[in-house]
Amino acid sequence: MQIPEPYFTRLFKPVLFILLLLPALYYAYGIWQDTLGANPLEAIIRGLGDWGLRILLLTLLVSPLRRIINCPQLLRTRRMLGLYAYFYVVLHLLGYLWFDQFFDWEEIWFDILERPFITIGMAAVILLTPLAVTSTKGMIRRLGKNWKRLHSLVYPISILAIIHFWMMVKLDIREPVIYSILLAILLSERLYRKIKT
Ligand code: HEM
């Protein structure tokens with residue numbers, strides 16, 4: 001399946017860009033109009049974390065999906081998806097630092113050391129940062145083969161993100177179950193292809 005080039009660059013990619021921005025706009029509107037329920041700050045932190053994880057998984061889906069539907073152009077959406085995942089995760093972190101900890105750095109440091117789910121979330125963001133920084137065309141050229149090696153960090157990062165979710169979830173485990181199954185499928189597909197070649 002080939003999307004005609006003008007439609008891909010002038011329609012598909014901009015529409016995708018706007019769709020990915022909608023959750024952030026939803027929370028911005030929610031703060032402005034006070035429509036986020038009884039605990040808006042928790043809703044924002046959790047919602048941004050959810051979107052960070054969902055878009056991270058979507059980024060991993062691009063490569064197998066373009067093979068399944070035979071649409072190589074899809075690969076050109078991967079950087080946008082990856083950067084959006086980072087955007088939501090950074091906002092999620094910022095929400096925690098601001099609304100949960102009021103930028104009390106001593107308390108934050110204590111939290112990172114004492115609460116394993118925070119430690120793991122922090123590790124995931126720290127590891128994700130070099131991937132976001134090196135996502136430009138110039139960096140891809142400069143890093144050559146090492147770029148691919150560096151970006152395969154996305155697999156352990158996704159596992160850390162899922163563990164982070166499991167460690168904080170209480171009663172309703174439906175979402176982490178769905179994301180874990182999805183990630184297991186996506187990682188198995190890669191492993192299978194690696195073994196086969
Ligand atoms: C790749 C990085 C990360 C991802 C993908 C991620 C994702 C998530 C997800 C999916 C949730 C559950 C939301 C829900 O309940 O529906 C969550 C919760 C949370 N995360 Fe993260 N997170 C990441 C990093 C971090 C970091 C660095 C921190 C803070 C240092 C953090 C702090 C929290 C907090 C405080 C909650 C809510 C816990 C609660 O309300 O009980 N996360 N995160």
Side-chain angles (χ1 to χ4, degrees), residues 19-31 35-63 77-135 150-187 190:
L19 284 178
L20 292 166
L21 193 61
L22 289 181
L25 295 179
Y26 168 81
Y27 289 108
Y29 178 82
I31 296 173
T35 54
L36 295 173
N39 195 341
L41 302 183
E42 188 186 273
I44 292 169
I45 295 177
R46 289 187 168 202
L48 292 170
D50 283 337
W51 281 102
L53 180 57
R54 284 173 195 152
I55 299 173
L56 196 62
L57 295 176
L58 210 57
T59 314
L60 289 180
L61 183 68
V62 170
S63 191
T77 62
R78 211 165 43 169
R79 179 175 10 166
M80 190 204 298
L81 285 164
L83 284 175
Y84 256 119
Y86 188 64
F87 169 68
Y88 280 102
V89 164
V90 168
L91 287 182
H92 172 65
L93 171 61
L94 200 66
Y96 160 81
L97 297 176
W98 190 354
F99 309 142
D100 236 23
Q101 303 293 343
F102 311 104
F103 293 114
D104 180 341
W105 298 108
E106 204 177 314
E107 195 54 46
I108 291 163
W109 183 239
F110 185 75
D111 217 19
I112 293 172
L113 296 179
E114 289 298 311
R115 292 165 80 196
F117 103 93
I118 296 287
T119 321
I120 289 179
M122 208 66 203
V125 185
I126 290 171
L127 290 173
L128 205 52
T129 302
L131 308 202
V133 171
T134 59
S135 66
L150 177 68
H151 280 251
S152 54
L153 272 181
V154 71
Y155 308 128
I157 291 169
S158 312
I159 296 173
L160 287 178
I162 297 269
I163 296 174
H164 169 74
F165 199 168
W166 273 109
M167 288 175 90
M168 61 126 309
V169 84
K170 285 173 189 111
L171 285 174
D172 189 356
I173 60 164
R174 278 173 301 180
E175 265 195 273
V177 165
I178 293 170
Y179 299 146
S180 304
I181 293 173
L182 246 172
L183 182 63
I185 295 171
L186 291 170
L187 294 184
R190 263 122 177 138

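Just follow the structure's listing: the first ligand is 1, and inside any ligand the first atom is 1.
- Here the shortest heavy-atom pairing between Val125 and Thr129 reads O-OG1, 2.8 Å.
- Taking each heavy atom of Gly52 and Val89 in turn, the nearest pair found is CA-CG2, 3.9 Å.
- Protein heavy atom in closest approach to atom 33 (C) of ligand 1: His92 NE2, 3.4 Å.
- For Met122, heavy-atom contacts with ligand 1 shorter than 4.0 Å involve the backbone as well as the side chain.
- The protein atom (non-hydrogen) at minimum distance from atom 2 (C) of ligand 1 is Val89 CG1, 3.4 Å.
- In terms of modelled atom types and a separation under 3.5 Å, the side chain of Tyr88 and the main chain of Leu20 share a donor-acceptor contact.
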Set out, in order, the CA-CA distance, both residues' side-chain angles and the distance that settles side chain to side chain contact (heavy atoms under 4.5 Å, CB included) for Arg190 and Leu60, then state yes or no. CA-CA 10 Å; Arg190 263 122 177 138; Leu60 289 180; 4.2 Å; yes
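- In this comparison of Glu175, Arg54, His164, the heavy atom closest to atom 8 (C) of ligand 1 sits on His164.
- For Glu42, no nitrogen or oxygen atom sits less than 3.5 Å from a nitrogen or oxygen atom of ligand 1, counting backbone and side chain alike.
- When hydrogens are left out, the protein atom nearest atom 1 (C) of ligand 1 is Ala124 CB, 3.5 Å; that is the closest non-hydrogen contact.
- Here the shortest heavy-atom distance to atom 37 (C) of ligand 1, taken over Met167, Arg115, Met168, belongs to Met168.
- Nearest protein neighbour of atom 26 (C) of ligand 1, counting heavy atoms only, is Gly121 C, 3.8 Å.
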Test Leu93 against Met122 for side chain to side chain contact (heavy atoms under 4.5 Å, CB included), laying out the working first. CA-CA 8 Å; Leu93 171 61; Met122 208 66 203; 4.0 Å; yes
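- For Leu56, the closest heavy-atom approach to ligand 1 does not fall below 4.0 Å.
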Apply side chain to side chain contact (heavy atoms under 4.5 Å, CB included) to Leu25 and Leu22, showing your working. CA-CA 5 Å; Leu25 295 179; Leu22 289 181; 4.3 Å; yes
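- Of the possible polar contacts, one joining the Thr119 side chain to the Arg115 backbone as a donor-acceptor pair under 3.5 Å is found.
- Scanning the protein heavy atoms around atom 5 (C) of ligand 1, the nearest turns out to be Ala161 CB, 3.6 Å.
- Annotation for Tyr86 and Ala132: closest pair CD2-CB, 3.5 Å, computed over non-hydrogen atoms.
- Here the protein heavy atom with the shortest distance to atom 7 (C) of ligand 1 is Gly49 O, 3.4 Å.
- A pairwise comparison of heavy atoms in Ile120 and Leu160 identifies CG2-O, 3.3 Å as the closest pair.
- Between Tyr86, Phe117, Trp51, it is Phe117 that holds the heavy atom closest to atom 34 (C) of ligand 1.
- Shown here is Phe110, whose CZ atom has no more than 12 heavy atoms of other residues, nucleotides or ligands within 6.0 Å.
- Shown in contact with Val125 at under 4.0 Å from a heavy atom are these atoms of ligand 1, numbered in order with element: 2 (C), 24 (C), 27 (C).
- When only interatomic distances are considered, the shortest N/O to N/O separation between Tyr96 and ligand 1 does not fall below 3.5 Å.
- For ligand 1, the polar-atom distance check finds an N/O of Arg46 within less than 3.5 Å of one of the ligand's N/O atoms.
- Taking all heavy atoms of Asp50, Ile120, Leu93 into account, the minimum distance to atom 28 (C) of ligand 1 is reached by Leu93.
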